[in-house]
Q: 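Please find one structure pasted underneath; my questions will follow.
As the structure is a computational prediction, the values presented were derived from the model and not from experiment. Note: hydrogens, waters and symmetry copies are ignored here, and every other heavy atom, side chains too, is used. Lettering follows sequence order; numbering is per chain, from 1.
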Number of protein chains: 2
Amino acid sequence: MKLSNGVEWALHSCVTLSQSREPVPASLLAELHGTPPSYLAKHLQALSRAGIVHSTAGQAGGYELTRPAAQISALEVVRAIDGGEPAYRCTEIRQRGPLALPAARCERPCAIARAMAAAEDAWADALRHVTVADLAARIDADSEGTAMTAVSSWLAAARQGSGHATRQGRTHVLG
Amino acid sequence: MKLSNGVEWALHSCVTLSQSREPVPASLLAELHGTPPSYLAKHLQALSRAGIVHSTAGQAGGYELTRPAAQISALEVVRAIDGGEPAYRCTEIRQRGPLALPAARCERPCAIARAMAAAEDAWADALRHVTVADLAARIDADSEGTAMTAVSSWLAAARQGSGHATRQGRTHVLG
DNA sequence: GCAACTCGGACAAACTATGTCTGAGTTGGG
DNA sequence: CCCAACTCAGACATAGTTTGTCCGAGTTGC
């Protein structure tokens, strides 16, 4: 059971977006997080399809959250990237082999599938009650109140300086 | 997030093994569950390495549970097949990029990693309290008390008839 | 009207999971 | 005591998914 790597980037991106009231281009998010730009863009597209972020095209475009961060759960973000399909899916072993049960007696899921589904429900519930705003607040608390202001000010500076230095140039300087 | 397909086979195999006090060959388990024999064998090897089942070689050999089914949790079986690594693993994004935090301030896990770990703990706890014996009892209850006796009698018959018909022959008859 | 920037989906490469095969070891009977 | 059959165990191909990259369509601001 392995969770896609992009889930981490998507969660961090949502936290970052919660600190900016203006659209943020995917290239800035990639630069800030140190991730492959094009691959992050693909995951942001998934978030857009799920209705979590809204994309604006053009020169002053980028991504922004569609709702207040307090109304976006971590579960939504994970589901948007990883897909809503359950990790364990029953292949109906009981209907195969020499002792196969008739389909009429298999209306309810197998007991094993029920147990696995209950575990996944517990996992989902734990993430349902954590919002992006909660995550941002906790990260800020861990950094003693400096992280989120640093992010928002860096975003503002990067957005302002987009006329002075090209994207390529700034990336080179920072890398 | 996708769980390996062999987890289902392993859980069913453990339930089946709980119904036999004699060793059961992997070929019989594969035939009973309708799975590729060699691939199931590979997963049974993983269960053996984890100390959940014990293998005996030779003519009357096979697999058997090392403990009473009531002392084997579903979590153990899942971990044996899927590996104990967490689904979400933090790549320390906060230590990369222009706003990278120094390693000295990153002793505790990231808040996002903490939230994901808490969810996985909830998932694990749900499976920790379900034993193989519980699963067998529930499957039996679903079938109105006929499934487990059918399994144990089929195993006994198949084991007895191993001298009369070859493995190949019996498979052909039942398929 | 132009130029630059943006997103969006189509196109390869790498890795893991899946499935198969042959070999080593052990048991039971002759 | 030897042989034959059956067992498990690990090494070997294959398929699917994830990861990563690229270029084109559309939009905005000047």
Q: Could you state the atom-to-atom distance from CG of A:Asp82 to P of D:dT18 in whole Å?
A: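 Value for this atom pair: 8 Å.
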
Q: Under 4.5 Å between any side-chain heavy atoms of B:Cys110 and A:His12, yes or no?
A: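 With C-beta onward as the side chain, the pair touches.
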
Q: Run B:Glu8 and A:Thr91 through side chain to side chain donor-acceptor pair (under 3.5 Å) and show every step you take.
A: CA-CA 8 Å; B:Glu8 183 182 10; A:Thr91 61; 2.8 Å; yes

Q: Locate the shortest heavy-atom distance separating A:Ala26 from A:Leu40; write the atom from each residue and the value.
A: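 For A:Ala26 versus A:Leu40, the nearest heavy atoms are O-CD2, 4.0 Å.
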
Q: Can you name the atoms? Protein N/O to nucleotides 23-30 of chain D N/O, anything below 3.5 Å, with the distance.
A:
unit_1 : atom_1 : unit_2  : atom_2 : d
D:dG29 : O4'    : A:Gln59 : OE1    : 3.4

Q: Among C:dG8, D:dA9, C:dG19, which is the nearest nucleotide to the side chain of B:Tyr39?
A: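 That would be C:dG19.
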
Q: Using the side-chain heavy atoms of B:Tyr63, tell me which of these nucleotides is nearest: D:dC8, D:dG10, C:dG8.
A: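 Within the option list, the nearest is D:dC8.
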
Q: Listed by chain and number, what are the side-chain hydrogen bond (donor to acceptor under 3.5 Å, both in side chains) partners of A:His33, not counting sequence neighbours?
A: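 Here the qualifying residues are A:Thr16.
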
Q: What integer distance in Å separates B:Lys2:NZ from D:dG16:P?
A: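 Rounding to the nearest Å, NZ of B:Lys2 and P of D:dG16 are 11 Å apart.
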
Q: Regarding A:Ala26, tell me which of base, sugar-phosphate or nothing describes its non-hydrogen contacts under 4.0 Å with the strands shown.
A: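 Counting heavy atoms under 4.0 Å across all strands, the contact made by A:Ala26 is with sugar-phosphate only.
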
Q: Taking only heavy atoms on the protein side, list every residue of residues 5-21 of chain A lying under 4.0 Å from any atom of DNA chain C, sorted numerically.
A: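 Here the set is empty: none.
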
Q: Can you say whether a donor on the side chain of B:Lys42 sits under 3.5 Å from an acceptor on the base of C:dG19, or the other way round?
A: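 Looking at the base of C:dG19, it does pair with a donor or acceptor on the side chain of B:Lys42 (distance under 3.5 Å).
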
Q: Can a side chain N or O of B:Arg49 be found less than 4.0 Å away from OP1 or OP2 on D:dG10?
A: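 Answer is yes, contact under 4.0 Å.
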
